[in-house]
Amino acid sequence: GDSVTQMEGPVTLSEEAFLTINCTYTATGYPSLFWYVQYPGEGLQLLLKATKADDKGSNKGFEATYRKETTSFHLEKGSVQVSDSAVYFCALSSGSARQLTFGSGTQLTVLP
Amino acid sequence: EPEVTQTPSHQVTQMGQEVILRCVPISNHLYFYWYRQILGQKVEFLVSFYNNEISEKSEIFDDQFSVERPDGSNFTLKIRSTKLEDSAMYFCATSIRDFKETQYFGPGTRLLVL
């Protein structure tokens with residue numbers, strides 16, 4: 001079945017550091033790929049998405065590129081802020097109902 | 001900005017009791033989902049729902065679970081006889097037009113079965 005493998009956490013960075021969170025996937029067909037973010041006490045919010053190979057999703061300084069050849073969708077940000085502290089989930093959608101399959105989540109803490 | 005809401009935010013129940021978790025979708029959304037996250041584990045798909053029918057369901061969604069849209073606004077998940085292992089955060093998600101659209105998540109209901 002479909003699966004998402006996500007970089008183990010937690011990740012702790014200093015403000016303005018470069019962020020990479022690795023995500024690889026296994027899927028049949030042509031899934032769409034997503035990054036969701038969960039701030040403390042809140043639900044999952046869509047951060048960015050890409051629906052086909054070589055698409056780049058971007059939002060709030062975060063970027064991820066859909067790489068079909070390496071089945072990856074790594075999340076990057078050039079300069080993190082304290083407010084980026086959250087749990088980040090990589091996910092893919094597939095199946096007739098496009099249900100989401102999630103990775104295990106990566107806890108990011110950014111220190112001032 | 002419109003958002004998905006869920007009630008209650010927390011629920012504690014005794015094993016064997018029935019619980020109903022409620023979700024109010026964004027008003028023009030037509031596709032609905034339930035997911036759950038057991039503490040420390042991945043977010044898992046339970047069921048999808050469209051046009052008053054279940055579209056897909058996972059292996060987790062057994063006969064103890066049911067969903068319905070009783071009044072055209074609420075979308076509910078019922079667990080008939082709760083088990084200890086049902087303790088989890090339950091998320092409702094909705095999308096606007098079809099299953100390819102982005103899913104918007106509610107804040108979740110934390111269920112604790114004692």
Side-chain angles (χ1 to χ4, degrees), chain A residues 1-10 21 23-52 55 57-60 64 66 86-107, chain B residues 1-7 9-10 21 23-26 29-51 53-61 67 88-110:
Chain A
D2 296 344
S3 67
V4 176
T5 301
Q6 197 174 330
M7 175 177 167
E8 293 286 330
I21 301 177
C23 172
T24 57
Y25 67 91
T26 302
T28 54
Y30 302 96
S32 296
L33 302 175
F34 303 83
W35 279 99
Y36 279 85
V37 59
Q38 186 177 32
Y39 298 102
E42 299 185 15
L44 297 164
Q45 300 176 25
L46 178 68
L47 181 59
L48 53 85
K49 70 177 184 181
T51 58
K52 61 182 188 297
D55 270 2
S58 61
N59 185 27
K60 300 181 182 179
Y66 189 145
V87 181
Y88 292 81
F89 292 92
C90 185
L92 65 84
S93 72
S94 62
S96 59
R98 309 299 286 180
Q99 59 265 30
L100 292 169
T101 299
F102 284 88
S104 54
T106 301
Q107 171 78 55
Chain B
E1 183 176 333
E3 57 185 23
V4 178
T5 60
Q6 290 184 241
T7 55
S9 58
H10 295 80
L21 311 183
C23 169
V24 178
I26 297 172
H29 284 200
L30 301 176
Y31 294 76
F32 312 119
Y33 305 79
W34 283 102
Y35 294 84
R36 78 172 186 191
Q37 185 180 29
I38 295 172
L39 189 63
Q41 298 186 22
K42 294 184 179 185
V43 177
E44 301 171 293
F45 167 74
L46 293 178
V47 65
S48 59
F49 188 85
Y50 168 68
N51 200 25
E53 290 184 343
I54 289 174
S55 304
E56 292 282 340
K57 59 182 181 179
S58 72
E59 293 175 352
I60 303 167
F61 194 87
V67 290
M89 180 74 91
Y90 288 81
F91 292 106
C92 172
T94 73
S95 63
I96 185 168
R97 273 195 300 272
D98 60 42
F99 287 127
K100 294 180 183 178
E101 292 288 332
T102 297
Q103 294 176 34
Y104 294 87
F105 282 75
T109 294
R110 184 168 295 284

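Chain naming here is simple, since letters A, B, ... match the order of the sequence lines and numbering starts at 1 in each.
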*Asks:* Do other residues, nucleotides or ligands put more than 12 heavy atoms under 6.0 Å from A/Y30 OH?
*Replies:* no
*Asks:* If I take atom OG1 from residue A/T101 and atom CZ from residue B/F45, how far apart are they, to the nearest 0.5 angstrom?
*Replies:*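 With rounding to 0.5 Å, OG1 (A/T101) is 9.0 Å from CZ (B/F45).
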*Asks:* Would you please name every residue forming a side chain to side chain contact (heavy atoms under 4.5 Å, CB included) with B/Q41, sequence neighbours left out?
*Replies:* B/I38
*Asks:* I'd like to know which of B/M89, B/E44, B/K42 tops the heavy-atom pair count under 4.5 Å against chain A.
*Replies:* B/K42
*Asks:* Heavy-atom distances under 4.5 Å only: say whether A/Q6 touches chain B with side chain, backbone, both or neither.
*Replies:*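 Looking at A/Q6, nothing touches chain B.
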*Asks:* I'd like to know if the side chain of B/Y33 and the backbone of A/L100 have a donor-acceptor N/O pair within less than 3.5 Å.
*Replies:* no
*Asks:* With rounding to the nearest 0.5 angstrom, report the CZ to OH distance, B/F91 to A/Y36.
*Replies:* 12.0 Å
*Asks:* Taking only residues two or more places apart in sequence, or in another chain, which ones meet A/K60 in a side chain to side chain donor-acceptor pair (under 3.5 Å)?
*Replies:* none
*Asks:* Testing the basics here: between A/F89 and B/Q37, what is the closest heavy-atom pair and its distance to 0.1 Å?
*Replies:*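 Shortest heavy-atom contact: CZ-NE2, 3.6 Å.
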*Asks:* Assess whether atom OH of A/Y66 is packed by more than 12 heavy atoms of other residues, nucleotides or ligands within 6.0 Å.
*Replies:* yes
